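Have a look at the structure below before the remarks.
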Amino acid sequence: MTQAALRDPVLAQRLAGEILKMAARPVRLMEFCGGHTHAILRFGIRARLEPKVRLLSGPGCPVCVTATADIDAAIALAHLPGVAVATFGDMLRVPGSRSTLMQARAEGADVRVVYSALDALDLARRELQRQVVMLGIGFETTAPTVAATIREAAAEGVPNYTVFSLHKLTGPAMRAILDAGEVRLDGIIGPGHVTTITGTQAWEFLPEEYGISCAVAGFEPLDILRAVRSLVLAIAEGRPRVTNDYPRSVSREGNRVAQALMAEVFTVESALWRGLGRVPASGLAIGERYAAYDARRRFAEAFAGVLYDAPEPPGCCCGEVLRGVLEPTECPLFRRVCTPAHPVGPCMVSSEGACAAHYHYGGAL
Amino acid sequence: MKGGRILLGHGSGGTLGHELVRDLFLRHFQDPALARLEDASDISLADEAGRLEGQVVLTTDSYVVKPRFFPGGDIGRLAVCGTVNDLAMRGARPLYLTAGFILEEGLPLADLERAVRSMAEAAREAGVRIVAGDTKVVEHGGADGLFINTAGVGLVPPGVHIHGAGARPGDAILVSGAVGDHGLTIMTHREGLAFESTLESDCAPLNGLVEALLAAVGPALHTLRDPTRGGLATTLCEIAEQSGVGMVVDELSIPIHDAVRAASELLGLDPLYVANEGKLVAIVAGPYAEAALAAMRAHPLGREAALIGRVVSEHAGTVALRTLLGTHRILDMLAGEQLPRIC
Ligand code: SF4
């Protein structure tokens with residue numbers, strides 16, 4: 001189906017009407033993914049469905065959930081002589097406890113912006129006199145590419161490439177939010193790109209263990225509306241289930257090749273999440289086989305001074321926003337002090353952050 | 001000149017520098033004023049009869065685009081079109097340009113020649129003359145290859161008053177074609193992002209289109225802007241703010257090419273916020289909207305022109321976007337930088 005068809009206004013209106021008719025009682029749904037938060041606000045879906053259907057944003061912004069302590073570690077790495085830290089641009093302005101990577105760069109640390117881990121590997125090949133450390137940020141979507149660079153570096157014997165893996169898994173985060181019980185949720189809009197890799201099977205624990213439905217959605221307006229309709233229908237029928245509303249890219253099994261690549265390179269460990277704290281079995285560390293490509297091991301000295309209980313920026317409610325407890329607009333700093341030009345927390349920095357989405361697209365007249 | 005590279009000596013007043021001027025700049029720009037090689041060039045703003053009528057306007061801009069060459073254009077074409085368009089957006093007829101080059105030692109001469117050749121071509125297209133120039137060479141690492149600055153002089157005909165504060169309630173908002181082409185072409189051709197696509201920059205001189213508009217609707221043309229950095233959204237916000245008016249824009253009526261939509265979804269970018277280099281926004285008195293639209297569509301650079309919204313007296317300084325679901329949201333200026341997504 002073409003993109004124009006996925007934005008057909010007549011169909012979109014019809015779907016919205018059906019959803020509102022079908023929702024017997026007000027329902028609360030969480031979109032896991034930051035990309036969905038953006039699309040929902042940008043296309044006016046949220047405004048159209050409120051108040052009957054409340055859409056809450058979740059922890060699905062990889063930059064936002066990166067812990068302050070890990071930013072501090074990345075900054076420490078960048079300050080090591082002879083080390084260049086390669087990172088996605090969004091990370092540059094995320095505040096650590098004292099500084100940002102951008103500030104570190106201004107102070108002379110070597111920080112390079114890359115668009116993909118492949119660029120970082122190329123950088124290492126080109127600048128053999130430097131140690132290039134790729135900041136591995138992202139969920140199941142980016143982890144396979146990063147894994148591929150590690151395998152490639154090992155096969156070629158690139159001596160100066162390592163990865164600081166901060167990769168995180170989406171399922172355990174969803175579990176942590178539900179286990180905390182702070183927000184009442186009737187359904188989850190499943191992340192489209194992540195599920196392309198993991199397959200819908202990754203979400204089957206939601207109906208089985210928590211009794212709530214999950215509908216996996218793409219990022220076009222009709223994709224999202226169809227997923228919302230699936231959820232509202234499942235709720236009305238009282239039959240929790242996983243539905244695949246993004247079949248043009250998602251299957252039940254997912255991308256087996258990418259899964260195998262991740263399993264070969266990474267091992268599952270607990271990870272520190274901004275907002276969620278330490279979540280068991282939710283991070284991807286580099287496994288024994290590729291230990292030589294692990295920045296944590298090669299540059300252990302950079303991690304010595306990092307405080308793992310560093311406080312969040314004062315006044316910032318990113319933690320609550322990431323758990324769906326607070327709306328960005330409920331943060332006292334939102335728009336008044338915290339803006340994309342002068343961000344206080346990562347949720348305003350990242351292009352996928354909920355606060356940035358509300359800032360850009362949430363303004364009602 | 002084949003296979004050669006820029007050396008520090010090209011920037012000195014010596015033989016190498018003279019060769020560069022003669023064999024490259026003079027050869028391509030072909031202008032008698034430039035060829036006289038005086039410290040300053042003689043130009044005239046008067047018409048054939050020696051009369052100077054209208055308002056003289058002056059502008060300058062610097063070009064540092066990366067990559068230097070991209071589908072649909074290059075840094076040279078951009079350096080001419082960008083400055084010509086800044087003049088045209090005041091309703092001016094662009095007349096003269098100057099060109100300043102900052103070259104990094106080691107820059108392939110072929111790259112410089114390619115850029116200079118497209119500058120000459122774009123200048124011919126726009127009907128402007130490049131009458132003065134300067135070249136500096138900096139050490140390797142002192143600049144990123146090739147930077148170009150152009151300044152431009154133009155003449156606004158008597159009776160034409162086009163400025164950012166000209167929009168009035170009841171005016172129609174027109175855009176001359178599909179938005180997002182240039183910005184997404186650049187983004188996708190940067191390192192690591194190149195993928196199969198039919199994207200092409202829209203980089204073009206818009207003075208001809210502006211002349212056609214002026215001929216069709218004259219003083220009913222209130223405001224012109226080319227939505228470069230910050231894209232269409234930022235440009236509309238600027239006009240609303242400067243004019244102290246509100247705007248209501250219909251998202252569905254904004255023309256966007258399929259390839260741009262697809263690439264922007266892939267990268268997580270919003271085409272309303274990425275740069276254009278060959279499009280303009282025209283604010284026209286309501287009753288003249290159809291005439292303006294017809295004039296634009298009759299011009300090769302305005303074939304996909306569209307009426308996208310209206311200027312209103314309510315919510316002054318704010319642009320409202322009507323979404324495909326019929327809801328309205330505020331269309332904000334670009335804050336920060338648009339970066340491709342991770343997730
Ligand atoms: S608005 Fe700013 S300070 Fe408030 S939660 Fe969002 S990022 Fe943090």
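So you know, we letter chains A, B, ... as the sequences are listed, proteins then strands, and number each from 1. As the structure is a computational prediction, the values presented were derived from the model and not from experiment.
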Checklist line | N-O pairing of R114(B) and D111(B) below 4.0 Å | finding: no
Check: Just wondering, are more than 12 heavy atoms of other shown residues or ligands nearer than 6.0 Å to CZ in R229(B)?
Finding: no
Next item on the list: Verify, without hydrogens or angle tests, whether S243(B) (side chain) and I239(B) (backbone) share a donor-acceptor contact under 3.5 angstrom.
Entry: yes
Note to self: I need the full list of side chain to side chain donor-acceptor pair (under 3.5 Å) pairs touching residues 170-183 of chain B, with sequence neighbours left out, sorted by first then second residue.
What the structure shows: D171(B)-H222(B), D181(B)-H257(B), H182(B)-S201(B)
Notebook entry, point to check: Counting only heavy atoms not in E127(A), do more than 12 sit closer than 6.0 Å to its CD atom?
Noted result: yes
Notebook entry, point to check: By number, which residues in residues 304-311 of chain B have some heavy atom less than 4.5 Å away from chain A?
Noted result: none
Next item on the list: May I ask you to decide whether E327(A) forms a salt bridge with R54(A), counting only side-chain N to carboxylate O separations under 4.0 Å?
Entry: yes
Notebook entry, point to check: With a 4.5 angstrom heavy-atom cut-off, which part of I45(A) approaches chain B: side chain, backbone, both or neither?
Noted result: both
Margin query: Quick check on the interface: out of R42(A), R48(A), Q13(A), who has the most heavy-atom pairs with chain B under 4.5 Å?
Written below: R42(A)
Checklist line | Set of residues satisfying ring pair (Phe, Tyr, Trp, His ring centres under 6.0 Å) with respect to H167(A), sequence neighbours excluded | finding: F266(A)
Item checked: Under 3.5 Å side-chain donor-acceptor pair for D270(B) and Y361(A) -> yes
Next item on the list: Side chain from CB out, backbone as N, CA, C, O: work out which of these in A16(A) comes under 4.5 Å of a heavy atom of chain B, or both, or neither.
Entry: side chain
Checklist line | chain A contact residues among residues 313-325 of chain B, heavy-atom distance under 4.5 Å | finding: H315(B), T318(B), A320(B), T323(B), L324(B), L325(B)
Notebook entry, point to check: Could you walk me through whether K279(B) and D226(B) pass the salt bridge (charged side-chain N to carboxylate O under 4.0 Å, His left out) check?
Noted result: CA-CA 6 Å; K279(B) 297 290 151 35; D226(B) 53 340; over 6 Å; no
Note to self: Could you check, using the six-membered ring where one of them is a Trp, whether F139(A) and H193(A) have ring centers closer than 6.0 angstrom?
What the structure shows: no
Next item on the list: Mark yes or no: R7(A) above the aromatic ring of F43(A), with NZ or CZ under 6.0 Å from the six-membered ring centre and no more than 45 degrees from the axis.
Entry: no
